[in-house]
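On a predicted model such as this, the values are computed, not experimentally measured, just so you know.
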Amino acid sequence: MYTTITSNVVSKVTAAAATIRATMESAKSKNPDSYQNILMMRHGDRIDKIDPLWLDTAARPWDPPLVQDGMVRAFQTGQRIRSQIQFPIHRVFVSPFIRCIQTASEVIAALSAVDFDPNATSSKDVTSIDKYKLKVSIEFGLSEMLNSIAIKPEIAPKDGKFDFMISELEAIFPDGMVDHSVDPVYKEMPQWEETVEGCTDRFLSLIKTLADKYPSENLLLVTHGEGVRTTFATFKGVHVYDVEYCGCAELRRQVSSKDGSTKAGDFEVITSLSQCGIKYHSLSTTDQTSA
């Protein structure tokens with residue numbers, strides 16, 4: 001199991017971080033234009049899709065956890081993000097559903113491990129975590145599409161209350177990484193039986209709100225298939241017909257700072273992550289493509 005790094009290492013990391021920040025600020029003053037990056041990621045393999053009998057005895061059938069393969073896939077996706085993208089992740093926002101929390105926890109372990117081990121397969125292989133690497137927050141706006149299309153009525157809670165124990169979910173993340181100062185965009189769960197269009201608007205609005213709130217930071221949003229599908233389809237201008245487990249939509253926009261004000265351009269889709277797990281075709285053709 002992972003542990004936080006020792007005090008002498010923390011001192012070195014803190015000093016190094018201060019140096020990096022100073023260098024970045026210096027570079028920024030010389031070149032006020034930079035890019036903000038957003039990764040929108042689906043959770044890993046959920047148990048009810050692997051073992052349908054799980055539903056028969058589940059206390060929370062609407063909130064399935066990951067299977068072990070899902071944990072491994074999430075961690076290895078975090079490893080791939082760390083080794084392939086050309087920018088650091090500063091903040092992670094995550095849906096309160098347990099499959100997303102577990103996915104985010106594995107990804108965070110991979111991203112913030114003090115020593116990068118390409119042979120590691122899960123957080124259990126990580127011995128030391130740099131708890132200053134990034135911050136994480138639970139965001140209700142990243143929840144599953146809340147209607148009978150995504151969650152069968154016989155599985156959804158009868159009273160419409162999903163009853164997430166936020167303190168228990170936050171305890172799954174490494175000590176010191178949860179940012180309790182963050183004010184969530186959505187203070188509560190979206191209303192049950194939201195429309196597909198309403199869900200689409202929710203995801204797109206949330207991305208912009210979070211990006212505008214942290215314009216100098218790169219964000220990882222761990223959510224559900226609909227969130228990734230909506231994001232990729234909208235900004236790529238395509239029809240998405242499948243999002244694999246841990247599939248990622250990678251966005252970026254140009255951000256300019258001048259005279260104390262910040263201006264941001266439009267988001268564009270970047271596909272530098274190999275095998276990002278999104279299958280789509282152009283709106284003007286039936287040719288199928290896999291990103």
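To the nearest 0.5 Å, atom OG1 of residue T121 and atom CG of residue D69 are 10.5 Å apart. To the nearest 0.5 Å, the span separating CD1 on I155 from NZ on K158 amounts to 9.0 Å. Here the straight-line distance linking atom OG1 of T230 with atom CE of M40 works out to 8.0 Å at 0.5 Å rounding. With rounding to the nearest 0.5 Å, the separation of CG in D201 from CG in L206 is 12.0 Å. Here the CD1-NE2 distance, from I101 to H43, works out to 12.0 Å after rounding to the nearest 0.5 Å. Once rounded to the nearest 0.5 Å, the distance linking CD1 of I151 with CZ of F162 reads 4.5 Å.
Residues F140 and K187 are not in side-chain contact: their nearest non-hydrogen atoms beyond the backbone lie 4.5 Å or more apart. Side-chain atoms of H90 and L134, non-hydrogen and from C-beta on, never get closer than 4.5 Å to each other. Contact of the K208 side chain with the D212 side chain is registered, since non-hydrogen atoms from C-beta on lie closer than 4.5 Å. V178 has its side chain within reach of H180: a pair of non-hydrogen atoms, C-beta onward, lies under 4.5 Å apart. The closest side-chain heavy-atom distance from H281 to Y241 is below 4.5 Å. For the pair T77 and C248, the minimum side-chain heavy-atom distance is below 4.5 Å. No side-chain heavy atom of Y280 sits under 4.5 Å from any side-chain heavy atom of R229. Side-chain contact between V92 and F173 is absent, with no heavy atoms from C-beta onward closer than 4.5 Å.
Transitive grouping of hydrophobic side chains (ILVMFWY, heavy atoms separated by less than 4.5 Å) brings V107 and V136 into a common cluster. Hydrophobic clustering (ILVMFWY, side-chain heavy atoms < 4.5 Å, transitive): V94 and I207 are in one cluster. One hydrophobic cluster, built from ILVMFWY side chains closer than 4.5 Å, holds both W54 and I50. Tracing side-chain contacts under 4.5 Å through hydrophobic residues (I, L, V, M, F, W, Y), one reaches I172 starting from L221; they form part of the same cluster. Connection of W62 to I149 is not established within any shared hydrophobic cluster, with ILVMFWY side chains joined at heavy-atom distances below 4.5 Å, either directly or through further cluster members.
The environment of CG in D115 is sparse: at most 12 heavy-atom neighbours from other residues, nucleotides or ligands sit within 6.0 Å. At most 12 heavy atoms of other shown residues, nucleotides or ligands fall within 6.0 angstrom of atom CG in D266. Around atom CD of Q191, no more than 12 heavy atoms belonging to other residues, nucleotides or ligands sit under 6.0 Å away.
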Inset, instruction - Begin from the C-alpha positions of D163 and K161 and carry the test side chain to side chain contact (heavy atoms under 4.5 Å, CB included) through to its verdict. - result: CA-CA 6 Å; D163 293 331; K161 297 180 180 179; 3.7 Å; yes
Inset, instruction - Using the salt bridge (Lys or Arg N to Asp or Glu O under 4.0 Å) rule, take E144 and R99 through it: C-alpha gap first, then chi angles, then the decisive distance, then the call. - result: CA-CA 11 Å; E144 176 70 277; R99 56 190 180 273; 3.2 Å; yes
Inset, instruction - Determine, stepwise, if the pair L251 / V269 fulfils side chain to side chain contact (heavy atoms under 4.5 Å, CB included). - result: CA-CA 5 Å; L251 310 174; V269 174; 3.8 Å; yes
Inset, instruction - Show your working on side chain to side chain contact (heavy atoms under 4.5 Å, CB included) between K213 and D183 and close with a plain yes or no. - result: CA-CA 10 Å; K213 192 174 182 181; D183 186 25; 4.0 Å; yes
Legend entry - Pair R46-D48, salt bridge (Lys or Arg N to Asp or Glu O under 4.0 Å): steps then yes or no: CA-CA 6 Å; R46 49 191 283 183; D48 57 327; 2.8 Å; yes
Inset, instruction - Please report the C-alpha distance between F203 and T234 in whole Å, then the side-chain angles of each, then the deciding distance to 0.1 Å, and finally whether the side chain to side chain contact (heavy atoms under 4.5 Å, CB included) criterion is met. - result: CA-CA 11 Å; F203 281 118; T234 299; over 6 Å; no
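Listed for the R91 side chain is no donor-acceptor partner under 3.5 Å among the backbone atoms of D179. Panel note: side chain D45, backbone V67; no donor-acceptor pair is recorded below 3.5 Å. Without hydrogens or angle criteria, R253 side chain to A211 main chain gives a donor-acceptor distance under 3.5 Å. Put simply, the side chain of Q36 gets close to the backbone of E217: a donor and an acceptor are under 3.5 Å apart. Side-chain N or O atoms of E106 include one that pairs as donor or acceptor with a backbone N or O of S123 at under 3.5 Å. Without hydrogens or angle criteria, K236 side chain to I270 main chain gives no donor-acceptor distance under 3.5 Å. With hydrogens and angles ignored, the 3.5 Å screen pairs no side-chain donor or acceptor of N37 with any backbone N or O of N218. The backbone N or O of Q84 sits less than 3.5 Å from a side-chain atom of Q86, completing a donor-acceptor pair.
For the pair R60 and F164, the distance from NZ or CZ to the six-membered ring centre is under 6.0 Å and the angle to the ring normal is within 45 degrees. Both tests do not hold together for R73 against Y245: distance to the six-membered ring centre under 6.0 Å, angle to the ring axis within 45°.
Between L142 and S95 the shortest heavy-atom distance is O-CB, 3.2 Å. In plain terms, the two heavy atoms of I138 and E170 that are nearest each other are CD1-CG, 3.8 Å. In terms of heavy-atom proximity, M189 sits nearest to L146 at CE-CD1, 3.7 Å. Shortest non-hydrogen contact noted between L210 and V185 is CD2-CG2, 3.7 Å. Across all non-hydrogen atoms, the minimal contact from S148 to P153 is CB-CG, 3.6 Å. The minimum heavy-atom distance linking C246 with T103 is given by the pair SG-CG2, 4.5 Å.
H224 and F97 have perpendicular rings, their planes meeting at more than 60° on a 0 to 90° scale where under 30° would count as parallel.
Here the options are E226, E197, E194, the test is salt bridge (charged side-chain N to carboxylate O under 4.0 Å, His left out), and the partner is R202; only E194 passes.
Checked against the 6.0 Å centroid criterion, the rings of Y214 and F93 qualify as a close aromatic pair.
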